[in-house]
A.B. asks: 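This is the structure I have questions about; it appears just below.
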Amino acid sequence: MATGQLFSRTTQALFYNYKQLPIQRMLDFDFLCGRETPSVAGIINPGAEGFQKLFFGQEEIAIPVHSTVEAACAAHPTADVFINFASYRSAAASSNLALKQPTIRVVAIIAEGVPESDTKELIAYARSNNKVVIGPATVGGIQAGAFKIGDTAGTIDNIIQCKLYRPGSVGFVSKSGGMSNELYNTIARVTDGLYEGIAIGGDVFPGSTLSDHVLRFNNIPQIKMIVVLGELGGRDEYSLVEALKAGKINKPVCAWVSGTCARLFKSEVQFGHAGAKSGGEMESAQAKNQALMDAGAIVPTSYESFETSIKETFAKLAEEGKISPVKEITPPQIPEDLNSAIKSGKVRAPTHIISTISDDRGEEPCYAGVPMSSIIEKGMGVGDVISLLWFKRSLPRYCTQFIEICIMLCADHGPCVSGAHNTIVTARAGKDLVSSLVSGLLTIGPRFGGAVDDAARYFKDAYDRKLSPYEFVESMKKKGIRVPGIGHRIKRGDNRDKRVELLQLFARTNFPSTKYMEYAVEVETYTLSKANNLVMNVDGAIGTLFLDLLAGSGLFTKQEIDEIVSIGYLNGLFVLARSIGLIGHTFDQKRLKQPLYRHPWEDVLYTK
């Protein structure tokens, strides 16, 4: 066991199992104390490497992340404290590995529930190699104005209130982390403050004992008096009694063992910690307090009197000139995190994203204000979800049914169209699903499946301006623009696209009005007089019928309809629908284990 000071203003630690809050609290304490370098040199996260961004004052810093203990120790040879936030399942193994590293001097084990047999092995190795184990089941320790472990001493407000940003003259050791905070506050009120504080942990077999740290404190010149807070259960306090009797401690020791109320219970009671359970009269709080008093420690009659004992002991030392006045300093202001400042109403900050279609902040996600459970309970379908997420309102059933029909009819059009062909070639090249899907989607445009918006835009403009089919078609011809939604590579006037017929039949049966579609049919009649392949295609049918849906439902203003068409909503339907087919083609090729595709030479015209 070390015989002197464990930490200093230059101490650096390795933090095992990344936890953002305790690390940030350590860095904030560093800044509060005026340290020049952060106390966390590196983070160990098994299986991960890189950096974690945290704050050192106002400066954002990147702390290296290592995947193994060995790599971290090699990268940071001056870091001699290992702070282990692993769970009880892996804490012993990782701590044992850390103790075996020549650069590690102190290991703090935060986890509760570490098997006692594992803890005993760690203690034996540490003692035989002159290393220190703090814990298990500990919050850690602190040297005021220099270094702290994890969450020791709690919040920055508590640290400032307890004046832990600068050293005092008191050494403190306890089993309890929670009670340590209480005593730090007490010590700050009635003395010049803490120099070093350790919570050894509440397990039956702590890695280091109360007497280990009291003997250390006795060797630290800056510590003038020692405060000890024990608890019933175990016999750790008796080693301190023996040290006092042997004259190994020459500084005043104020001590109290908590748990005197245990005698009020008729049966044995477990007080929180695994070790806080009296196993007989010697392990009772009363017996320990009496033994400490007999050995020369200053022991009050109750916990309520403990503060007075500490105060009187400190005052006597000051009166004897053994304690010099501590120069008070004003600690720097820790910059407040933006999130907490916003929450407390101290600042306002602009958001980076606006969302009006969904909200995941409550107990369940909502689509346009409709809870997910309501969507399921009401038996809504894909068309209803699209109406909520795309149009931000619930559309009538005939509208959502039309959307679903469009998706079904446009899901696929065979393996030969450009989108499917691209997807098939990409899948056969061994690419993943997303890559194969995207390669097909990228072909969608004016020449393939992307004419729905243009069909709606041009037909709407022509109808609203009351152009006759002749005037519309001829004006487009003069501009050199093909009428979108008219024309097909395969279908003819005497062999119409069945999908178009199904859409028109559904609309005429269910829509309140089909004025835009009927206008498109009149245009088709004129174009067929010019060529038999200038038939209405599925883009034209969906585009014009969607105009009828928007206008006939009475749920959209003219401005909203124009915006929907200009933004690209209607092409979105084709993209959504065709994604189903393209995914199917990807799975089909992978299921068939098709080899890499190579286009045949005979299908290429080689020319100069």
Side-chain angles (χ1 to χ4, degrees), residues 1-19 22-23 26-27 29-30 35 37-49 52 63-111 114-115 118-143 146-152 196-201 203 205-209 212-213 216 220:
M1 176 72 185
T3 56
Q5 195 161 299
L6 292 183
F7 314 120
S8 71
R9 287 176 62 84
T10 59
T11 296
Q12 285 195 298
L14 296 175
F15 196 103
Y16 188 91
N17 197 21
Y18 176 70
K19 297 283 186 294
I23 296 179
M26 289 178 67
L27 298 176
F29 179 74
D30 297 341
R35 282 185 55 131
T37 56
S39 59
V40 181
I43 298 166
I44 304 164
N45 236 18
E49 292 184 343
Q52 281 290 350
I63 297 181
V65 177
H66 306 276
S67 60
T68 65
V69 173
E70 296 89 341
C73 291
H76 310 284
T78 60
D80 58 1
V81 178
F82 185 85
I83 302 173
N84 195 343
F85 266 75
S87 72
Y88 71 91
R89 290 179 291 273
S90 60
S94 48
S95 297
N96 187 42
L97 185 57
L99 284 170
K100 292 179 179 178
Q101 305 305 310
T103 56
I104 298 299
R105 190 171 50 87
V106 179
V107 172
I109 307 171
I110 311 302
V114 177
D118 292 340
T119 302
K120 288 178 180 178
E121 289 181 13
L122 293 173
I123 294 170
Y125 185 89
R127 290 191 179 279
S128 63
N129 289 274
N130 196 32
K131 298 193 176 188
V132 179
V133 173
I134 302 173
T138 181
V139 73
I142 185 169
Q143 183 174 322
F147 177 84
K148 88 179 186 92
I149 293 171
D151 291 317
T152 301
E196 184 183 324
I198 298 291
I200 65 170
D203 278 2
F205 299 100
S208 50
T209 65
D212 287 336
H213 293 287
R216 273 198 317 104
I220 299 174

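What you are looking at is a predicted structure, and each value in this text was computed from that prediction instead of being measured.
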A.B. asks: Which heavy atom of D203 sits nearest a heavy atom of P136, and at what distance?
C.D. replies: OD2-CB, 3.7 Å
A.B. asks: Can you name the ring pair (Phe, Tyr, Trp, His ring centres under 6.0 Å) partners of F29, sequence neighbours left out?
C.D. replies: none
A.B. asks: Please identify each residue that fulfils side-chain hydrogen bond (donor to acceptor under 3.5 Å, both in side chains) with N17, with sequence neighbours left out.
C.D. replies: none
A.B. asks: Quick one: closest heavy-atom pair of R35 and T10, and the distance?
C.D. replies: NH2-C, 3.8 Å
A.B. asks: Return the set of residues passing side-chain hydrogen bond (donor to acceptor under 3.5 Å, both in side chains) with T119 (not counting sequence neighbours), or none when no residue passes.
C.D. replies: none
A.B. asks: Check whether any side-chain heavy atom of V40 lies under 4.5 Å from a side-chain heavy atom of I83, and answer yes or no.
C.D. replies: no
A.B. asks: Can you name the side-chain hydrogen bond (donor to acceptor under 3.5 Å, both in side chains) partners of S67, sequence neighbours left out?
C.D. replies: E49
A.B. asks: For D118, enumerate each residue passing the salt bridge (charged side-chain N to carboxylate O under 4.0 Å, His left out) test, keeping only those at least two apart in sequence or located in another chain.
C.D. replies: none
A.B. asks: Under 3.5 Å, side chain of R216 to main-chain N/O of G4, donor-acceptor pair present?
C.D. replies: yes
A.B. asks: Evaluate the criterion side-chain contact (heavy atoms from CB on, under 4.5 Å) for residue pair I109 and L122; output intermediate values, then yes/no.
C.D. replies: CA-CA 11 Å; I109 307 171; L122 293 173; 3.7 Å; yes
A.B. asks: Nearest heavy-atom pair of A79 and I104: which atoms, and what distance?
C.D. replies: O-CD1, 3.7 Å
A.B. asks: Hey, could you give me the CZ/CD1 distance between F15 and I44, rounded to the nearest 0.5 Å?
C.D. replies: 10.5 Å
A.B. asks: Minimum heavy-atom separation for H213 and I200, please, with both atom names.
C.D. replies: CD2-CG2, 3.6 Å
A.B. asks: Any non-hydrogen side-chain atom of I149 less than 4.5 Å from a side-chain atom of F7?
C.D. replies: yes
A.B. asks: Does anything in residues 81-92 form a side-chain hydrogen bond (donor to acceptor under 3.5 Å, both in side chains)? List the pairs, not counting sequence neighbours.
C.D. replies: N84-S94, N84-S95
A.B. asks: How close do L14 and C73 get, heavy atom to heavy atom, and via which atoms?
C.D. replies: CD1-SG, 3.8 Å
A.B. asks: Would you say the side-chain atoms of K148 pair up with the backbone N or O of G150, donor to acceptor, closer than 3.5 Å?
C.D. replies: yes
A.B. asks: Report the C-alpha separation of I220 and E196 in whole Å, then their side-chain angles, then the decisive distance to 0.1 Å, and conclude whether the side-chain contact (heavy atoms from CB on, under 4.5 Å) test is met.
C.D. replies: CA-CA 10 Å; I220 299 174; E196 184 183 324; 4.0 Å; yes
A.B. asks: Going by side-chain hydrogen bond (donor to acceptor under 3.5 Å, both in side chains), name the residues that satisfy it together with T68, two or more places apart in sequence or in a different chain.
C.D. replies: none
A.B. asks: Check whether T138 reaches the backbone of A199 with its side chain - one donor and one acceptor, N or O, closer than 3.5 Å.
C.D. replies: yes
A.B. asks: Can you list everything that forms a side-chain contact (heavy atoms from CB on, under 4.5 Å) with Y18? Sequence neighbours excluded, please.
C.D. replies: Q20, I23, I43, N45, Q52, L54
A.B. asks: Mind checking the CG-CZ spacing from N129 to R105? Nearest 0.5 Å is all I need.
C.D. replies: 14.0 Å
A.B. asks: Test D212 against R127 for side-chain contact (heavy atoms from CB on, under 4.5 Å), laying out the working first.
C.D. replies: CA-CA 11 Å; D212 287 336; R127 290 191 179 279; 2.6 Å; yes
A.B. asks: With side-chain contact (heavy atoms from CB on, under 4.5 Å) as the criterion, how do F82 and Q101 come out once you've worked through the C-alpha distance, each side chain's angles and the decisive distance to 0.1 Å?
C.D. replies: CA-CA 10 Å; F82 185 85; Q101 305 305 310; over 6 Å; no
A.B. asks: To the nearest 0.5 angstrom, please state how far the CD atom of Q12 sits from the CG atom of D30.
C.D. replies: 9.0 Å
A.B. asks: I need the minimum non-hydrogen distance between A98 and V107, along with the two atoms involved.
C.D. replies: CB-CG2, 4.2 Å
A.B. asks: Mind checking the CE-CZ spacing from M26 to F147? Nearest 0.5 Å is all I need.
C.D. replies: 4.0 Å
A.B. asks: Going by the rule ring pair (Phe, Tyr, Trp, His ring centres under 6.0 Å), which residues pair with F205 if we only count those two or more places apart in sequence or in a different chain?
C.D. replies: none
A.B. asks: Tell me every residue that passes side-chain contact (heavy atoms from CB on, under 4.5 Å) with D151, counting only those two or more places apart in sequence or in another chain.
C.D. replies: P22, R25, F85, V139
A.B. asks: Roughly how far, to the nearest 0.5 Å, is the CG atom of L6 from the CD1 atom of I142?
C.D. replies: 13.5 Å
A.B. asks: Scan for salt bridge (charged side-chain N to carboxylate O under 4.0 Å, His left out) pairs involving residues 65-79, sequence neighbours excluded, and state none if there are none.
C.D. replies: none
